[in-house]
**Q** 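I'd like to ask some things about the structure below.
Reminder, nothing fancy here: chain letters follow the sequence lines and each chain counts from 1.
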Amino acid sequence: MIESAIHFPILSLLIAIPLLGAIALFFFPNEEKEAIRLTALGFTLVNFIVSLLLLLYFDTSTYKMQFVERYQWIPWAGVQYLLGMDGISLVLMLLTTFTAVLAVLCSWTAVEERVKEYMIHLLILEVGMVGVFISLDMILFFLFWEVGLIPMFFLIGIWGGKRKLYANIKFFLYTLFGSVFMLAGIIALYLAHGRATGVYTFDLLKLYEVTYTYNVQWWVFIAFFLGFAIKVPVFPFHTWLPDAHVEAPTAGSVILAAVLLKMGIYGFLRFNLPLTLQASYALAPLVVLLAVIGIVYGAFLAMAQTDIKKMVAYSSVSHLGVVMAGIFAMNQHGIDGGVLQMINHGVSTGGLFLVIGMIYERRHTREMGDFGGLSKVMPAFAAFTIIIALSSIAIPGTNGFVGELFVLIGLFKYGVLPGAVAIIGIVAGPVYMLGMCRKVIFGKVDNKENAGLKDLSAREVITLAPIIVLILWIGIFPGHFFDLTRASTAHLAEMIKTNEAAMEAAGRTGRVSFVIPIKPRVYVGPGAFKELEKGAAPATR
Amino acid sequence: MTIAQGLNINLEAVLPVILTAMLALLVMALDFFVKKDNKAVLGYLSLIGLIIILPIAAVTVSPTAAFGAMVIADGYSAFFNAVFLIAAIFAVVLSLDYMKKIDSERGEYYYIMLFAVIGMMVMASANDLINLYVGLELMSMSFYVLVAMRRGSRGAEGALKYFILGAFSSGILLYGITYAYGFTGTTNLAEIARMGANLSSPNHYLLIAIIMLGAGFAFKIAAFPFHLWSPDAYEGAPTPVTALLSVGSKAAAFAFFLRFFAVSFEAFHPYWVTFLWALSAATMLFGAMVAIQQRNIVRMLAYSSIAHAGIILIGVVVKSGNAAAGIMYYLLVYAFMNTGAFAVVALLARGNGTGEAIADYRGLAARRPVLAFVMALFLLSLAGIPPTGGFTAKFFLLASAIEARYYWLAAIGVISTAISLFFYVKVIFYMYMKEPPEADPSAPVAAEPSALSYNIILLITALSTVALGIYPTPFMDMAIKAVKPLFM
């Protein structure tokens, strides 16, 4: 059943295209590498174009889910095939389909072995990522979440670097550990909703309609938090990220940075905030604390790195701390900035991994000390790298500036201390990023091996050009992007405000400091679930 | 009323058993006429027979208990009969090539396998402890012989361990039956249930009976600490027998004991639930943790099968209709994914008994991409990763446990699943991410084994594993319908 204005299952189509691509590639002979690459590129491009079509029909004035498709799947357990999207899903979906095209392009010459399998894994990865952003049924969401994990496991494990096995096991165990908790949270929510209303369903829109008791919210928040915080990753769950980034092939790093990490943040926006609002509100100081630590800690670790890729990986930890801090500042500016910063991070860090991949393909090293003076040998490469690096450190005029500005406004509104500490981390950005540019791009060509390097090929320029366009477009006309998500973020901010007012009316003042205001009631033992069993009082928001 | 009416002779209730027995006897008779190097003919005959019996068994349902209430052929037993027959069909197909490879092709192999299936069917539809015992012994005796079919010390060791411990546990089980009979004066399950419900306080003799029957049950499903036989028997047996042993005999034990615990001894639930709770938790954790250290893939799958038994036991503890349906669904999925994994093992094993180390799977993906892919699929399904059947089945069981408020048992189930990921993923690691072993120049270049029978099995099991994960509704509906009369 398609419950939308356009009578066409466009969201299913977005899942089906890469899946069909993967199946089609299965029948190609292994030796036809060029044909395999072109086919994969074709399917990802078509998917990107179809996702752009969504923009024509998308209604930016509502936070409600659009293009909804609903089919019964396992009726007696309340599982449905339920798809739909709002503004936040839309921008992340566009980022996904866009990144998939770049991922195929940047693997053109970098991957020569087992090309067919590689491309199949990339396309299945796209299926999982697209599915995550548009599922409105929790089981369906979980399914796509895991589907995205397996191809990544193979991408790192087969085409990765020297320590790929170690990095891979770490990545896999961390994420699976998180998703097990997430599943527990999903089931708890399902039961709490069922006991409150008598309707057992995994339908997210139905689950939204109930306000759960604080204790249920607290437990569900923690379960989801573990699942999503590992994925983001929030300090102190970040240790898998640098290893995975360094060992992954270029396309793997790009997708990991641009999309997979966003799945965690999307989870916070889609599940934690709306479903467990009161618990989120109460625990926000803790999350902001971790996020701010991440901003500073990631930045300082990035300064100490000599491997370019590792440096960018740690800068990712710092940037994602910014996003998390923005969202858990719990006000309109913070959430707006956080959502935009998600896209910015995808574009600029994705871009950085692309240029690192290009230079690594030429020199097979990523040590900053091995380079120097590349601006003389590879002027185009130098220009692209510098623009992307500037966007990453949020120079005005680039996309990063707008996002960080809004996050900081939100964060200062939330409290001066976290805002001030976050600034320290953000100021450290130029130190490591420009330091890298100085060592790699400027100076003299003092290593003979660098003297003969070829500048970017046409394909590489085509890969990087859209990134530059996006950097400037978001930097100069951020309104175009804010408009897409504004209705959804405004709805979230409105919910938070209403809740805040209700709590003040009830005599419980909100929190300003890092101290947890409402003492979380933690029981150990079966008694912990007593309130869960009682369920929640049905009430509409 | 004639005697026949009093006994309620209803041949329909035992139709699948009769048909399988006829098939087994036919194979046995023909064995005398088939030449020694032609025994595969008997395998094909058994295969065709089983394929014909499968649809008949799946739909044969006669609601009332027959033969003096000894046998009950309800939807529940029909579902299990289908699982046994599916597992047996796979085992026979695998045997066609494998027995030739290990040079043990014999006629009696096939009809003894059929006898084992008859034993399983008798257990699934047993409504009486005597009938259970007959079925159990028929199945066990057949398996003692089947495990010993591989020549050499490994087969003998496995079979002897299995036989001695099995005989011992049968004795305990029989002892438990005498207690039940001694107190209630009947061996009929429904009668025992009536007596139990009438008691105001627990009867110690009945509790002893429950414990002893429970121990016999724990032995059959290889629950910790009754598991000692299983890794050796699994390793020693011909791989197709291992597949049937791990799927069929386990499913048969669950089929009867779910009926026994949840229906006959429902009144005693508060007593046996503690015993089974601890058994389930210990089995899950033990199986998963010990499997990590295994170097031989068959032994690893043996311990993994122990862990799976622990997880299925959750359903017996929970004892609700949803949990029972979950068990049935789990066993159905298990029949496909486990047989699939054993099929790959059987395909890659060499005649002299090597090729079963996990290290031998190094670089398999480079040599045989499709084979490595399906093996990865089975392993991920065993580990419970969506979108495979293993995830769906595990999800149903754990959800039923949470629904019935067994939170800690569900949590232990989740933890054991997380631990077990490690060893399943390790094999995938070896297949995809390690370099293949250096070829030994002195060894003769072995042709890569492959046979049509394997391809068919792998295709069917792989497709079913995925299909059961993505679209469980029809089979789950069937299971729920089947358990309704038992749990309402």
**Q** Describe, in one word, how the ring planes of A:Phe153 and B:Phe429 are oriented to each other, choosing from parallel (under 30°), tilted (30 to 60°) and perpendicular (over 60°).
**A** perpendicular
**Q** Given heavy-atom pairs under 4.5 angstrom as the criterion, report whether the side chain, backbone, both or neither of B:Ala411 touches chain A.
**A** neither
**Q** Which is it for B:Phe395 and A:Phe142 under the ring pair (Phe, Tyr, Trp, His ring centres under 6.0 Å) test, yes or no, and what are the steps along the way?
**A** CA-CA 12 Å; B:Phe395 179 76; A:Phe142 185 74; 8.2 Å; no
**Q** How long is the straight-line distance from CD1 of A:Ile187 back to OH of B:Tyr407, given to the nearest 0.5 Å?
**A** 11.5 Å
**Q** Name the region of A:Glu117, side chain, backbone, both or neither, that has any atom closer than 4.5 Å to a heavy atom of chain B.
**A** side chain
**Q** Hey, are the side chains of B:Thr417 and A:Val180 touching, using non-hydrogen atoms and a 4.5 Å cut-off?
**A** no
**Q** Rounded to the nearest 0.5 Å, how far does CG of A:Leu165 lie from OH of B:Tyr432?
**A** 15.0 Å
**Q** Considering only heavy atoms, which portion of B:Pro387 lies under 4.5 Å from any heavy atom of chain A: side chain, backbone, both, or neither?
**A** both
**Q** What part of A:Ile150 lies closer than 4.5 angstrom to a heavy atom of chain B: side chain, backbone, both or neither?
**A** side chain
**Q** Rounded to the nearest 0.5 Å, how far apart are CZ of B:Phe373 and CZ of A:Phe26?
**A** 6.0 Å
**Q** Considering residues, nucleotides and ligands other than B:Phe475, do more than 12 of their heavy atoms fall under 6.0 Å from its CZ?
**A** no
**Q** How long is the straight-line distance from CD1 of A:Ile74 back to CE of B:Met476, given to the nearest 0.5 Å?
**A** 9.0 Å
**Q** Please look at B:Ile415 and chain A and tell me whether the side chain, the backbone, both or neither of the residue comes under 4.5 angstrom of a heavy atom of that chain.
**A** neither
**Q** For the CZ atom on B:Phe422, are there more than 12 heavy atoms of other groups (residues, nucleotides or ligands in this structure) within a distance under 6.0 Å?
**A** no
**Q** Would you indicate whether A:Glu112, at its atom CD, is surrounded by more than 12 heavy atoms from other residues, nucleotides or ligands within a distance under 6.0 Å?
**A** yes
**Q** Does A:Phe177, at its CZ atom, have more than 12 non-hydrogen atoms belonging to other residues, nucleotides or ligands within less than 6.0 Å?
**A** no
**Q** Could you grab the distance from atom CG of A:Leu191 to atom CD1 of B:Ile402, nearest 0.5 Å is fine?
**A** 6.5 Å
**Q** At what distance, to the nearest 0.5 angstrom, does CG of A:Leu143 lie from CD1 of B:Ile470?
**A** 7.5 Å
**Q** At a 4.5 Å cut-off on heavy atoms, which part of B:Ile428 comes close to chain A: side chain, backbone, both, or neither?
**A** side chain
**Q** Taking all non-hydrogen atoms of both residues into account, name the closest pair between A:Arg114 and B:Ala366 and its distance.
**A** NH2-N, 4.4 Å
**Q** Under 4.5 Å from any heavy atom of chain B, what part of A:Phe154 do you find: side chain, backbone, both or neither?
**A** both
**Q** Shortest non-hydrogen contact from B:Met433 to A:Ile158?
**A** CG-N, 4.0 Å
**Q** Do A:Leu173 and B:Val425 come close enough that some side-chain heavy atom pair is under 4.5 Å?
**A** no
